[in-house]
Amino acid sequence: MAPIVAAVTPSPAPLDAADPALTRFMGLLSRALDEGHCEKLMLAGYHGDEPQLERVLARPIELRGQPQLSLVWRYKTRDITKNLPLAEALATLPALLGPRGFRNAHLHTPGEEVQLAFSKKGKGSVRVGKVAGADNAGADDEAAAGAHEQRREPHREPNREHNREKHRYLELSRPFLRELGVTDAQGRLVPAMSRKWKQINKFVEVLAGALAASPLADARQVNVVDFGSGKGYLTFAVHDWLRHTRGVDARVTGVELRQDLVALCGGVIDRLGLEGMAYEQGDVRDYHPQALNVMIALHACDIATDYAIHLGIRAGAEIILSSPCCHKQVRPQLLSPHPLRPILQHGIHLGQEAEMLTDGLRALLLDAAGYDTQVFEFISLEHTNKNKMILAVKRAKPRDNTEVLAQIREIKAFYGIREQALESLLIADGRLAAAA
């Protein structure tokens with residue numbers, strides 16, 4: 001354990017020799033701790049030499065009546081926690097930050113989100129944004145600091161024992177949110193976009209968990225294709241999070257049938273000068289990506305979802321994310337004589353059964369094709385009625401699929417299902433033995 005302890009407590013660099021942006025960020029952190037406003041701190045985008053180190057999380061606590069900062073070094077397979085007095089923590093953190101350490105740091109307070117970012121060349125920058133509902137969002141850090149000193153408004157003390165504040169993976173100050181109309185010119189959340197904002201953050205949260213569990217956990221380059229990407233809310237969010245927060249060389253392509261949306265999103269890419277991002281007109285049925293690690297297909301209607309999943313499998317994608325829409329193919333096949341016919345005679349029951357069976361078979365087929373698969377509620381029905389997510393992460397090692405193929409055969413026989421698109425596609429190209 002000695003080498004690990006040494007790794008997580010490097011000798012800190014003196015602040016007077018640090019990048020000005022780092023000095024500014026540490027000053028804002030120190031002030032937030034002194035005033036009891038610090039809710040949490042996250043260091044991300046690691047580019048150092050520690051194997052499997054993903055991030056450092058910190059939150060203020062009290063031990064024996066003394067304020068301290070609890071720091072958690074999060075590795076791929078373990079966590080290491082150190083509780084340090086505030087002065088010691090503030091002296092330790094600068095050495096962890098920089099182009100050869102963590103390139104991003106996020107400080108959360110009740111009213112602000114402060115981000116420190118380092119470019120590959122080592123140039124630092126600090127951005128301060130207001131959280132949703134805060135006044136004067138988009139003000140720079142000096143103006144925000146001066147206003148804060150004048151207001152001294154009462155605030156809710158953060159919970160020192162358990163940090164229950166919901167983590168946001170993106171900041172409202174990110175330029176693409178303004179371009180897409182999620183925020184206004186001052187960086188404030190547009191009220192009508194609050195549900196979309198929650199969806200965006202939830203999707204990035206799902207992707208973050210999938211990346212951590214996949215062969216891409218330590219990848220320096222990730223190729224993402226988003227089919228049916230529409231106006232690009234999630235497409236731009238994935239690109240921004242991978243590049244800006246994780247420091248990954250992400251190549252993200254949105255594929256959309258509607259030319260007006262392709263032109264709109266292409267204009268945003270050009271105006272913001274986004275590297276590693278493109279928008280193309282195309283159809284999942286005949287699209288052939290050059291490289292594909294993450295396949296996204298949200299709300300692809302009926303068997304378009306099957307074609308998207310099949311493309312991901314065929315391309316060897318490590319992660320497949322699909323939110324199905326419509327389940328027309330299986331539904332009429334359930335109308336044949338069947339033990340459940342008295343129940344399925346009601347249209348709402350027939351639709352729900354068709355949805356469950358279609359997505360259940362998709363999950364089993366992904367399992368048979370070498371993926372660990374989950375089907376879950378993506379976001380509450382309060383925010384969208386299309387809330388199911390199929391998440392598949394490629395296994396590191398193949399395993400026998402005899403049992404899952406038998407399960408598919410039994411389900412199809414019981415319900416009288418003669419054909420399912422994904423199964424037919426996998427059988428046609430020889431990737432799966434016939435299950436019926």
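Small disclaimer: the values here were computed from a predicted structure and weren't measured. The figures that follow rest on heavy atoms only: side chains count, while hydrogens, waters and symmetry mates do not.
When every heavy atom of Ile269 is checked against every heavy atom of Tyr279, the shortest pair comes out as CD1-N, 4.0 Å. Across Tyr75 and Pro51, no two heavy atoms sit closer than the pair CD2-O, 3.3 Å. For the pair Ser30 and Leu90, the tightest heavy-atom approach, listed with the atom from each and the gap, is OG-CD1, 3.9 Å. Minimum interatomic distance between Ser424 and Glu419 (heavy atoms only, all atoms of both residues): OG-CG, 3.5 Å. Heavy atoms only, all atoms of each residue included: Val393 and Ala213 are closest at CG1-O, 3.8 Å. The minimum heavy-atom distance linking Gly122 with Pro99 is given by the pair CA-CG, 3.7 Å.
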Between Glu353 and Tyr415, does the side-chain contact (heavy atoms from CB on, under 4.5 Å) criterion hold? Intermediate values first, please.
CA-CA 10 Å; Glu353 194 79 348; Tyr415 283 97; 2.8 Å; yes
As a quick check of understanding, evaluate side chain to side chain donor-acceptor pair (under 3.5 Å) for Ser70 and Asn83, giving each step before the final call.
CA-CA 4 Å; Ser70 178; Asn83 299 322; 2.9 Å; yes
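Residues that satisfy the salt bridge (Lys or Arg N to Asp or Glu O under 4.0 Å) test with Arg258, not counting sequence neighbours, are Glu256. Remark: Arg399 engages Asp367 in a salt bridge (Lys or Arg N to Asp or Glu O under 4.0 Å) (not counting sequence neighbours). For Glu179, the salt bridge (Lys or Arg N to Asp or Glu O under 4.0 Å) partners at least two apart in sequence or on another chain are Arg271. Applying the salt bridge (Lys or Arg N to Asp or Glu O under 4.0 Å) criterion to Asp400, with sequence neighbours excluded, gives no partner residue. Checked against side-chain contact (heavy atoms from CB on, under 4.5 Å), Glu355 has the following partners two or more places apart in sequence or in another chain: His327, Asp359, Lys388.
Using cut-offs of 30° and 60° on the angle between ring planes, the pair Phe236 and Phe176 is parallel.
Heavy atoms from other residues, nucleotides or ligands lying under 6.0 Å from CD of Gln352 number more than 12. Around CG of Asp260, the count of heavy atoms belonging to other residues, nucleotides or ligands within 6.0 Å exceeds 12.
Judged by distance alone, with hydrogens and angles left aside, the side-chain atoms of Asn293 form a donor-acceptor pair with the main-chain N or O of Asn223 at under 3.5 Å. With hydrogens and angles disregarded, a donor-acceptor distance shorter than 3.5 Å links the side chain of Asn401 to the backbone of Ala368.
Side-chain atoms of Gln199 and Tyr233 form no donor-acceptor pair, as typed in the model, at a separation below 3.5 Å. Side-chain atoms of Gln115 and His244 form a donor-acceptor pair, as typed in the model, at a separation below 3.5 Å.
Cation-pi geometry between Arg285 and Tyr307 is satisfied (NZ or CZ under 6.0 Å from the ring centre, within 45° of the ring normal).
Each of Thr183, Val190, Asp184, Leu189 was checked for a side-chain contact (heavy atoms from CB on, under 4.5 Å) with Leu177, and the lone residue meeting it is Thr183.
Among residue pairs with one or both ends in residues 353-376, none qualify as ring pair (Phe, Tyr, Trp, His ring centres under 6.0 Å); sequence neighbours excluded.
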